[in-house]
There are 2 protein chains.
Amino acid sequence: MKYSKQRELILKTLQEHMVHPTADYIYEVLKKELPSISLATVYRNLNQLAENGMIKKIEGLDGSVHFDHNLSKHYHFICTKCNKVYDVPYDVAPDLADKVLSQTGLIIESYDISFKGICPECHKKEFH
Amino acid sequence: MKYSKQRELILKTLQEHMVHPTADYIYEVLKKELPSISLATVYRNLNQLAENGMIKKIEGLDGSVHFDHNLSKHYHFICTKCNKVYDVPYDVAPDLADKVLSQTGLIIESYDISFKGICPECHKKEFH
DNA sequence: ATAATAATGATAATGATTATCATTTTATGG
DNA sequence: CCATAAAATGATAATCATTATCATTATTAT
């Protein structure tokens, strides 16, 4: 993997955004800094970074794809109102791979939990 | 929701297939029984059934969407080779909603776990 | 039976992602 | 430090799953 300014900027942008952005969101943000950047380059690099384990891909409720720079073990909470993604600490369900192995014999490489509910922000809005 | 033969057949087909089929797979199967059926009808009804809680939508690894007639609580194992979906029993991780609530304050409506790994079938093929 | 409502089939439209390809950038090694 | 090979880019066309549209048909309740 050869260095490129675009890839560096994409990774930096992902790390600076606490939300878990989509490819298109990163593209829109980066256009301000590097107007010549192409949407294809953003997709290419996000996928490449994910394949190399430098970032993670998350699937949203509505089928939307988000990216996460946080490599430490954790899960995700997706708001059913606004589709935003939040982190949930790993220790709510540690070592599930071992449990699955002993109960089913399946060898687990990785797993992800997506919790669904209404986030505090949207919950607030419900009551103005 | 009004009765229709198409919806009944779609639900029946889903129930008869142990795999968790995609909309297109169901369409291909049903065409043999009811050649006049339209792909749009299959999509429409699967979504409608899912909205009414009669079946469940699952997101695959590659972004593909599968449907599941099994409403009892359980999780999913997705093979990273063949993308097939298998069931994992609920009791490998029961009552996570309560744990998340007490640790984060987030109110969980539902959650799904997708385990990833290589399924026994693909594992066999690796060594012929 | 009839009127109201919902569902269908066919197809066009959408939207996100990927493929293509000529050009440019990066790494390397003589 | 140039020359070459390999990889990355930007622009855009292509793809593919899903959704929207709409005229027609089927279902339900009165």
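Numbers restart at 1 for each chain; the letters A, B, ... are given by sequence-line order, proteins then strands.
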Scan nucleotides 27-30 of chain D against the protein and return all N/O pairs shorter than 3.5 Å with their distances rounded to 0.1 Å.
from	atom 1	to	atom 2	distance (Å)
dT27(D)	O2	Lys2(B)	NZ	3.1
dT28(D)	OP1	Tyr3(B)	N	3.4

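For the pair Asn45(B) and Ala40(A), both in contact range of DNA chain C, the more 5′-proximal nearest nucleotide belongs to Asn45(B).
Residue Arg44(A) has no polar side-chain atom (N or O) positioned under 4.0 Å from OP1 or OP2 of dA8(D). Side-chain nitrogen and oxygen atoms of Gln48(A) include at least one within less than 4.0 Å of the OP1 or OP2 phosphate oxygen of dA8(D).
Under the 4.5 Å side-chain criterion, counting only non-hydrogen atoms from C-beta, Ile108(A) is not in contact with Lys116(B). At least one side-chain heavy atom of Ile55(B) sits under 4.5 Å from a side-chain heavy atom of Leu11(B).
Between His20(B) and His69(B), the gap from one ring centroid to the other reaches at least 6.0 Å. The ring of Phe115(B) has its center no closer than 6.0 angstrom to the ring center of Phe77(B). Under the 6.0 Å cut-off for aromatic ring centres, His66(B) and Tyr25(B) do not qualify, their centroids lying 6.0 Å or more apart.
Side-chain atoms of Thr22(B) and Asp24(B) form no donor-acceptor pair, as typed in the model, at a separation below 3.5 Å. With no hydrogens or angles considered, a side-chain donor-acceptor pair links Arg7(A) and Gln48(A) at under 3.5 Å.
In the region residues 21-38 of chain A, proximity to DNA chain C at under 4.0 angstrom, judged on heavy atoms, holds for none of the residues.
Tyr75(A) and Phe67(A) fall into different hydrophobic clusters, defined by Ile, Leu, Val, Met, Phe, Trp and Tyr side-chain heavy atoms under 4.5 Å apart, directly or through other members. A continuous path of hydrophobic side-chain contacts links Tyr43(B) to Leu14(B) [ILVMFWY only; heavy atoms under 4.5 Å].
Atom OH in Tyr43(A) sits roughly 16 Å away from atom P in dT9(D) (whole-Å rounding).
Running 5' to 3' along DNA chain C, contacts with non-hydrogen atoms of chain B at under 4.0 Å begin and end at dT5(C) to dT11(C).
Under the side-chain hydrogen bond (donor to acceptor under 3.5 Å, both in side chains) test applied with Asp68(A), the options Lys56(A), His76(A), Lys57(A) reduce to a single match, His76(A).
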